[in-house]
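Keep in mind the model is a prediction, meaning the values are calculated, not measured.
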Amino acid sequence: MPTALTLPDDWPAHPDLSLALNRMGSFDWDLATGLMHMDRTALEVFDLRPDEYDNHPESLAHRVPPAEAVRLDALVSQALKSGAASYGAYFRIRRRDGRLRWTHAQGRILRHDGDGRPHRIIGIVRDATEELSHSAERLGVDEERRRQTSVVEGTTAALAHARTVQDVIDALSDHHGMERLGSMGLIMGLVESGRIHLVAEGPPGSFVPGTRYTRIDEEFPMSEVVRTLQPRFIDSREEFEGRYPQLWSKISWMDFTAAAYLPLIAQARPIGALGLLYQDKGGFSQEERNLLVALGSSIAQSLQRAMLLEQEHDLAEGLQQAMLPRRIPAVPGAEIAVRYRAARMGRDIGGDWYDVIPLPGGRVGAVIGDVQGHDTHAAAVMGQLRIVLRAYAAEGHSPATVMARASVFLDELDTDRFATCTYVEADLSTGVLQIVRAGHIDPLLRGRHGDCRRLPVDGGMPLGLSAEFGRLEYPVTTVELDPGETLLLCTDGLVEQPGADLDDGVRFLTSLVRGGPADLQKLADRLCEVGDERGGDDDMALLLMRRRVTDAPQGGGRLQQHVAQNDPEALSSARHMIRAAVRAWGAKERSDEIELVADELITNTLLHTDGPAIVTIRVLTGPERGLRVEVEDRSSALPRRREAGESGVSGRGLILVDRLADVWGVESRGSGKCVWCEFSVP
């Protein structure tokens with residue numbers, strides 16, 4: 001006979017025992033009074049002792065994180081309102097040691113038979129850690145990998161556009177940068193001459209006095225990671241205090257629980273260090289440490305690139321500035337403002353330049369130019385061309401001759417570069433400007449009351465090209481600059497935008513000048529600021545010259561005009577120059593005589609020689625003040641008086657000169673001659 005099996009005395013087990021052994025507790029929630037009874041096992045699930053719970057659900061608040069509580073309350077409320085018979089929810093609780101644990105609650109809603117209103121919820125609550133451990137772990141790993149990928153991609157994308165050290169700092173420390181890194185504060189220092197220079201600190205107001213510059217051998221976390229080239233992860237406030245007591249005494253007020261300090265290493269040498277402060281963090285997992293080390297490497301590369309770009313930019317700008325005039329001479333009768341701005345970044349220096357040249361007779365030359373290209377060769381050519389053009393002008397050559405000789409020099413320099421240029425010879429006692437343009441953009445003229453207009457100037461070919469193609473004729477445009485008016489010369493970097501029409505840029509600049517400050521220096525600053533804001537990739541040069549009256553020179557002046565054969569515009573400009581000079585130099589009573597004689601001499605040269613005429617008018621100083629008009633040509637044949645023909649049209653020129661001028665004569669000038677006449681002026 002088989003032996004009969006005996007069953008345990010407590011078989012079958014009581015439901016309470018079954019629930020307890022499976023870490024399930026029960027609760028009974030009376031909705032009318034709000035009281036919720038929880039058995040001992042349910043309290044254990046919430047990591048509570050019986051004396052810590054008073055049957056009020058509010059007693060569970062410190063165990064359920066706020067976000068979880070809001071979600072759970074919304075779920076229960078929806079079940080009560082919708083007439084559901086039950087509900088279930090997974091949520092997390094915070095244990096006594098601070099760690100989070102998954103929990104599951106299942107409730108059965110009891111309703112009154114009459115009106116169906118809920119009055120009681122009876123249910124169970126259980127530890128769901130093991131149930132969800134596998135899936136949660138898998139989801140957590142996937143989520144962490146997605147987060148890490150997002151952090152790396154987001155930070156790398158933000159740093160890709162950083163061209164300066166400040167750009168790198170901004171990309172890391174702005175709201176989005178902090179959000180990506182998950183930190184509440186950032187500290188960055190750069191290695192400079194054996195010290196660490198703090199260039200960024202956060203949050204705002206957290207700067208510690210005395211830490212702007214620290215030695216690498218000091219006991220600070222940033223110094224340590226630079227010395228050892230190893231990251232330092234600090235998992236608690238206590239660890240920070242014990243490891244760095246000197247710094248802790250100054251930052252203990254800050255609300256952070258963990259910190260990570262990373263060396264910024266580029267090309268096997270430390271260039272700085274990065275510190276990140278964290279709230280509500282109890283340490284760093286190995287994955288987090290690996291991620292931060294990788295980010296530190298990426299940040300170091302971006303930082304080094306930005307530092308090199310800044311160094312190249314400073315070097316390029318310094319080279320360019322060294323080739324520009326060290327100072328602008330004081331010019332009686334004028335206010336002058338000059339500016340130069342290098343391209344925004346990198347070593348793309350250009351050949352833009354300006355110059356102001358004192359000339360004989362109280363005149364002044366103003367130059368703006370741009371050598372083709374954006375490299376050191378363009379800058380080198382610019383330096384040579386500027387000096388040569390200055391020398392030709394200082395020798396007293398006419399504006400057209402200065403430009404022609406500069407073009408020949410550039411063509412003979414054995415370079416493939418050409419240059420655009422505008423040269424202005426100004427007599428500030430008269431306000432007469434003689435302007436020559438070689439492929440450059442037109443000047444602007446701003447009136448006394450702020451109005452501004454483009455100043456059309458006849459132009460020739462760019463310097464270098466005109467000599468190469470044998471077209472060295474440069475027409476001279478003569479205009480008057482009234483007291484208070486301002487001449488603006490600039491290079492195309494101030495007006496040109498990629499993909500935009502140059503004329504649109506000139507119109508924009510004109511409107512900007514029209515609405516700009518009256519003060520000349522402030523106006524120059526404003527124009528450069530707008531140029532920087534528009535973000536052009538070209539360098540730019542600017543020269544402003546305003547005529548004054550109070551200290552305008554009253555001494556001897558001198559103006560010169562080149563008049564080519566078959567160039568009626570040049571002849572008209574010469575007449576305009578003489579008329580303006582006579583009026584400005586106080587010879588208005590004899591203006592008709594002087595203009596008539598000068599016109600006769602010019603016309604005579606153009607009719608009876610094969611070359612151009614060079615017209616000069618200047619003031620004679622001495623006991624008896626006067627004006628002298630000279631007309632120079634390349635012919636050695638001397639003028640002679642002739643009897644007027646039967647028609648009476650020709651043959652009267654020298655008779656007219658002899659009658660109207662006080663004295664006249666002829667001088668040999670090398671292969672040519674100069675016919676001159678003088679007029680006394682009261």
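- Taking the six-membered ring where the residue is Trp, Tyr392 and His397 present perpendicular rings, their angle passing 60° and hence far from 30°.
- Shortest non-hydrogen contact noted between Ser407 and Gly464 is OG-N, 2.9 Å.
- We find that Arg454 and Asp503 are joined by a salt bridge, their nearest charged nitrogen and carboxylate oxygen being less than 4.0 Å apart.
- Met403 places a side-chain heavy atom less than 4.5 Å from the side chain of Cys421.
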Between Val457 and Thr422, is a side chain to side chain contact (heavy atoms under 4.5 Å, CB included) present by the stated rule, with each step listed? CA-CA 10 Å; Val457 174; Thr422 296; over 6 Å; no
Would Arg507 and Asp504 satisfy salt bridge (charged side-chain N to carboxylate O under 4.0 Å, His left out), going step by step from the backbone distance to the final call? CA-CA 5 Å; Arg507 282 190 287 269; Asp504 292 337; 2.3 Å; yes
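- In this structure, the separation between CD1 on Ile196 and CG on Leu190 is 9.5 Å, given to the nearest 0.5 Å.
- Taking all atoms of both residues into account, the shortest heavy-atom contact from Pro462 to Tyr474 is O-OH, 3.8 Å.
- Taking both residues in full, the closest heavy atoms of Pro475 and Gly460 are given as CD-N, 4.4 Å, listed atom of the first, atom of the second, then distance.
- Within the 3.5 Å criterion, the main-chain N or O of Asp458 finds a donor-acceptor partner in the side chain of Thr477.
- In Arg212, the CZ atom is crowded: over 12 heavy atoms of neighbouring residues, nucleotides or ligands sit closer than 6.0 Å.
- With a 6.0 Å radius and a threshold of 12 heavy atoms from other residues, nucleotides or ligands, Arg514 has its CZ atom above the threshold.
- There is a side-chain donor-acceptor pair under 3.5 Å between Arg546 and Thr486.
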